[in-house]
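First comes the structure, then the notes that go with it.
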Amino acid sequence: LADRGLPDNAAQFALNAKLFSGELRSWNQLRALADSNQAPGATRRVFHYKHTTFDRYLTFATDADVVKAPLLNETLGRLYYTTPAGAFVNTTTRIEAAQPAFKLGVPPATGTFTVAPTGGTAVTAETRTYLTTLRTSFGEESAPGATVLVSGNADGTWTVNGLNALTIDTANYPNITHLRLYRTITSSTGVDYRLVNEWAIGARPASYVDNITATDIADNEVLDSLGWGLPPAGLQGLIGVAGGFMAGFTDRTVRLCVPYYPHAWPEEYAFAVEDKIVGLGTFGNTICILTEGRPYLLVGATPDSMALQKMESVQPCLSKRSIVNTVAGVMYATTDGLVLIDG
């Protein structure tokens with residue numbers, strides 16, 4: 001009611017009172033849930049993290065956006081988050097042990113190796129391309145490193161040299177544990193890369209003889225990480241999207257990861273808008289891109305099927321923290337008050 005509509009002797013202001021029932025009822029006192037591991041007064045973001053029996057309030061001293069792992073049969077309780085320092089991943093066990101998060105992503109090995117085919121009696125020469133990838137203890141795989149194109153007799157001796165000399169950034173990515181070697185094969189479906197062998201980082205050979213026949217290697221694992229990349233520098237505003245993938249943004253560009261592979265962010269899954277992005281929201285299979293000008297919608301079930309739509313109404317987002325995903329749609333604060341974007 002307006003002040004003038006109140007009956008005589010009715011209060012205009014009530015402190016710590018619930019008025020929903022039609023009578024005055026006090027609120028409960030505040031209860032301490034957890035202690036922050038930040039310096040006093042430094043906490044800026046709190047995330048309530050639950051995984052199986054693990055229940056904890058995680059605190060951040062800077063702006064942070066946190067997403068639970070969109071992974072099938074997830075047992076590690078992985079959390080993905082972005083802060084001004086970058087994109088990170090951590091697990092329940094490491095959080096419990098107060099261990100730092102890993103940087104998100106897997107960079108490929110740098111440097112070159114060689115392949116020397118010798119001998120053999122085959123009449124027709126065979127051309128192969130060899131490449132390497134890296135894997136983490138979580139099973140995440142990098143994009144390929146340098147490739148080697150070479151021709152020789154299929155029944156000859158193919159010697160791979162210099163795998164132990166490749167440079168691997170374990171200082172910044174200590175979760176990298178294995179090096180993988182792939183080579184091409186040709187089949188009725190075309191040319192693809194098949195796994196040749198895998199070694200622990202500390203057990204990489206100086207020389208390795210690839211004597212796997214085309215028949216045997218056809219049953220080996222196929223390389224999936226062609227075209228994958230690291231999360232872009234400055235990625236922020238991380239959200240989880242229906243379909244098993246995540247979205248974030250840098251300046252005026254929205255970036256999407258490969259479904260069920262949160263460490264992989266291909267360049268082709270990038271969508272640019274006209275205005276600087278403030279934050280993201282989502283409902284159903286729609287991503288709401290909220291900017292300093294018009295909002296945009298990114299609609300689709302998978303990153304490679306997304307369609308970008310610009311809304312005509314100019315409704316700038318005034319604060320990233322005002323964005324709320326609700327059952328009705330995405331709500332945020334704009335110059336006209338609170339607005340709602342729905343289907």
Side-chain angles (χ1 to χ4, degrees), residues 1-36 38 40-50 55 57-68 81-84 236-242 247-249 252 254 273-299 308-343:
L1 296 176
D3 295 348
R4 65 188 182 195
L6 292 171
D8 292 343
N9 301 317
Q12 296 184 35
F13 179 77
L15 180 65
N16 293 335
K18 294 190 232 180
L19 305 177
F20 313 121
S21 65
E23 62 185 11
L24 290 176
R25 293 180 181 176
S26 63
W27 289 93
N28 293 330
Q29 285 188 322
L30 298 178
R31 179 166 62 97
L33 295 174
D35 292 329
S36 171
Q38 308 298 332
T43 299
R44 291 293 176 268
R45 181 84 166 94
V46 179
F47 180 79
H48 187 194
Y49 174 47
K50 299 182 71 174
D55 190 341
Y57 292 85
L58 305 181
T59 59
F60 299 87
T62 59
D63 181 37
D65 295 282
V66 189
V67 176
K68 286 186 177 180
Y81 61 90
T82 53
T83 71
Q236 57 182 307
L238 199 68
I239 61 170
V241 185
F249 68 90
R252 297 186 302 106
V254 176
V273 298
E274 295 176 355
D275 300 300
K276 185 176 181 180
I277 300 172
V278 177
L280 305 176
T282 182
F283 64 91
N285 63 349
T286 299
I287 299 172
C288 298
I289 307 168
L290 309 176
T291 75
E292 293 180 348
R294 288 182 172 86
Y296 289 72
L297 302 181
L298 196 55
V299 184
L308 186 64
Q309 305 172 16
K310 180 169 71 173
M311 302 185 73
E312 293 303 320
S313 178
V314 179
Q315 295 289 356
C317 181
L318 302 182
S319 167
K320 181 160 77 80
R321 285 290 162 222
S322 74
I323 303 170
V324 180
N325 303 319
T326 74
V327 294
V330 173
M331 186 181 296
Y332 67 100
T334 184
T335 49
D336 293 328
L338 289 178
V339 298
L340 178 71
I341 300 178
D342 61 16

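Side-chain atoms are counted along with the backbone in the values below, which use heavy atoms only and exclude waters and symmetry mates.
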- [ ] Answer yes or no: is there a side-chain heavy-atom contact under 4.5 Å between R321 and S319?
- [x] yes
Open item on the list: Side chains of C317 and P295, heavy atoms from C-beta outward: is any pair under 4.5 Å?
Closed with: no
- [ ] Indicate yes or no for a side-chain donor-acceptor contact from Q315 to the backbone of V339 under 3.5 Å, with no hydrogens or angles considered.
- [x] no
TODO: Calculate, to the nearest 0.5 Å, the distance between atoms CG and CD1 belonging to N325 and I323 respectively.
DONE: 8.5 Å
Task: Parallel, tilted or perpendicular, as decided by the 30° and 60° cut-offs, for the rings of H48 and Y57 - done: parallel
- [ ] Would you check if the side chain of T334 reaches a backbone N or O of P316 as a donor-acceptor pair within less than 3.5 Å?
- [x] yes
TODO: Check the pair Y49, K68 against side-chain contact (heavy atoms from CB on, under 4.5 Å), reporting the backbone distance first and the verdict last.
DONE: CA-CA 9 Å; Y49 174 47; K68 286 186 177 180; 4.2 Å; yes
Task: Nearest-0.5 Å distance that lies between atom CD1 in I277 and atom CD1 in I289 - done: 5.5 Å
Open item on the list: Centroid separation under 6.0 Å, is that true for the rings of Y81 and F60?
Closed with: yes
- [ ] Report yes if the side chains of V278 and K320 come closer than 4.5 Å at any heavy-atom pair, otherwise no.
- [x] yes
Task: Validation row: L308, V254 side chains within 4.5 angstrom (heavy atoms) - done: no
Task: Chi angles and distances behind the side-chain contact (heavy atoms from CB on, under 4.5 Å) call for L58, R45 - done: CA-CA 8 Å; L58 305 181; R45 181 84 166 94; over 6 Å; no
Open item on the list: When you compare the side chain of L280 with that of F249, does any pair of heavy atoms fall below 4.5 Å?
Closed with: yes
Open item on the list: For a 4.5 angstrom cut-off between non-hydrogen side-chain atoms, does C288 reach Y332?
Closed with: no
Open item on the list: Between M311 and I341, is there a side-chain heavy-atom distance shorter than 4.5 Å?
Closed with: yes
Task: Enclosure of K50 NZ (heavy-atom neighbours >12, cutoff 6.0 Å) - done: no
Open item on the list: Quick check: closest heavy atoms across L340 and A328, and the distance to 0.1 Å?
Closed with: CD2-CB, 4.2 Å
Task: Reported CD-to-CG distance for the pair Q29 and N16, which is rounded to 0.5 angstrom - done: 10.0 Å
TODO: To the nearest 0.5 angstrom, please state how far the CD1 atom of I287 sits from the CD1 atom of I239.
DONE: 5.0 Å
Task: Distance-only donor-acceptor check, side chains S36 and T43, under 3.5 Å - done: yes
- [ ] Quick one: list whatever passes salt bridge (charged side-chain N to carboxylate O under 4.0 Å, His left out) with R252, sequence neighbours left out.
- [x] none
Task: Heavy-atom side-chain proximity of N285 to V299 below 4.5 angstrom - done: yes
Open item on the list: Taking T286's backbone N and O only, do any of them form a donor-acceptor pair with T282's side chain (distance below 3.5 Å, no angle check)?
Closed with: yes
